[in-house]
There are 2 protein chains.
Amino acid sequence: MRVKQLADAMGVTSDTVRYYTRVGILNPNRNPANGYKQYSQQDKNRLRFALRARDLGFTLADIVQIVTHAGRGDSPCPIVRRLIEQRFADIEARFQDTERLYGRMQKAMQAWQAMPDEEPNGEMICALIEQWEKP
Amino acid sequence: MRVKQLADAMGVTSDTVRYYTRVGILNPNRNPANGYKQYSQQDKNRLRFALRARDLGFTLADIVQIVTHAGRGDSPCPIVRRLIEQRFADIEARFQDTERLYGRMQKAMQAWQAMPDEEPNGEMICALIEQWEKP
DNA sequence: CTTGACCCGTGTCTTAGACACAGGTTTATA
DNA sequence: TATAAACCTGTGTCTAAGACACGGGTCAAG
């Protein structure tokens with residue numbers, strides 16, 4: 001199948017398929033008649049794997065490592081275990097960071113809505129931000 | 001004050017001070033003797049404002065807009081109100097995305113630890129990822 | 001006067017694609 | 001069969017918020 005066909009089948013854009021090809025996750029053959037990329041069923045499986053791993057928080061660099069080792073016949077075992085531990089810690093930290101940010105913003109919004117009575121204006125907001133304390 | 005002095009005073013790196021200068025948040029004078037940037041107390045105040053706004057989820061582009069309008073004597077009011085609404089929606093979406101990602105990863109980790117009995121190996125993890133269903 | 005710490009501007013790198021461009025190919029329709 | 005729409009190719013640039021490197025100039029203490 002060609003780029004768009006694969007992209008549509010997996011629910012991504014053509015650019016994503018091309019990008020995953022560029023970085024080495026997909027390895028299409030070339031149609032000798034016109035030079036177009038030809039994706040096999042194996043590419044489709046790899047793309048499905050890649051998208052699921054991405055949804056679990058792995059980076060594309062992680063995925064490239066995994067599929068490269070898998071393709072060489074090596075067991076991706078130690079790599080994958082290390083990556084899982086690493087990404088889990090990353091996502092946990094990111095989650096907590098975002099949670100704190102969200103909390104700060106909620107508090108700021110509440111402070112804004114608790115402003116005296118008039119509509120808040122730009123200066124008041126700027127003053128609010130300026131007086132804001134580090135969490 | 002010079003770059004490093006300001007950076008140290010505000011707890012950021014010199015690169016950050018230079019970057020904020022590049023994008024127009026800070027406007028140092030130049031020391032004519034050597035061409036070095038000379039930051040004033042107003043720059044320090046601006047940097048403090050910028051860092052607090054950043055901690056509240058505003059982008060640097062947002063901050064540039066705000067301080068540019070403030071510097072021109074315009075009221076930043078309508079801009080700031082629009083930005084606040086925009087960023088609050090952004091952070092809310094980001095928080096929920098990260099929360100979902102964190103949940104998916106937690107479930108994956110639990111599934112991994114609930115694996116039969118042996119140590120999990122790479123193939124098993126890959127199989128887990130492959131069979132993983134979209135949330 | 002030397003040494004180490006600081007400064008300068010400029011340029012490149014990072015993620016995960018999105019978008020644009022100029023031109024070649026395929027496919028459906030008239 | 002001609003043409004137009006939709007597709008394809010590679011290449012290059014852009015995103016956010018700095019980090020890092022380079023080659024060279026400047027400052028302070030010893």
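Straight-line distance from the CG atom of N29(B) to the P atom of dC8(C): 13 Å, rounded to whole Å. Between R30(B) atom CZ and dC8(C) atom P there is a gap of 7 Å when expressed in whole angstrom units. What separates OH of Y19(B) from P of dA16(D) is a distance of 8 Å, to the nearest Å. Atoms CE (M1(B)) and P (dC6(C)) sit 14 Å apart, rounded to a whole Å. Rounded to an integer number of Å, the gap from D90(B) CG to dT15(D) C1' is 15 Å. Going from atom CD of Q38(B) over to atom C1' of dT26(D) covers 13 Å, rounded to whole Å. Between the P atom of dA6(D) and the OH atom of Y36(A) lies a distance of 16 Å, rounded to the nearest Å. Atom CG in L47(B) sits about 14 Å away from atom C1' in dA17(D), given to the nearest Å.
Applying the 4.0 Å criterion to OP1 and OP2 of dC8(C), one finds that R18(B) has a side-chain N or O inside that range. For the pair N34(B) and dC7(C), the criterion of a side-chain N or O lying under 4.0 Å from OP1 or OP2 is not met. Using a 4.0 Å cut-off, some side-chain N or O of T16(A) falls inside it from OP1 or OP2 of dA18(C). Residue T13(B) places none of its side-chain N or O atoms closer than 4.0 Å to OP1 or OP2 of dG18(D).
Side-chain atoms of R22(A) lie closest to dG12(D) of the nucleotides dC8(D), dC8(C), dG12(D). Counting only heavy atoms from C-beta on, L60(A) has its side chain closest to dG17(C) among dG10(D), dG17(C), dC7(C).
Salt bridge annotation for R52(A)-D55(A): absent, with no cationic side-chain nitrogen under 4.0 angstrom from a carboxylate oxygen. Salt-bridge check for R100(A) with D97(A): passed, with a basic side-chain N closer than 4.0 Å to an acidic carboxylate O. Classification of D90(B) and R94(B) as a salt-bridged pair fails, no side-chain N sitting under 4.0 Å from a carboxylate O.
Counting any heavy atom pair closer than 4.0 Å across all strands shown, V23(A) reaches no nucleic acid atom.
Take the nearest nucleotide of DNA chain D for T59(B) and for R2(B): the residue whose nucleotide is more 5' is T59(B).
Atom CD1 of I91(A) and atom CZ of R104(B) lie 9.0 Å apart (nearest 0.5 Å).
Side-chain contact between V12(B) and V17(B) is present, with at least one heavy-atom pair separated by less than 4.5 Å.
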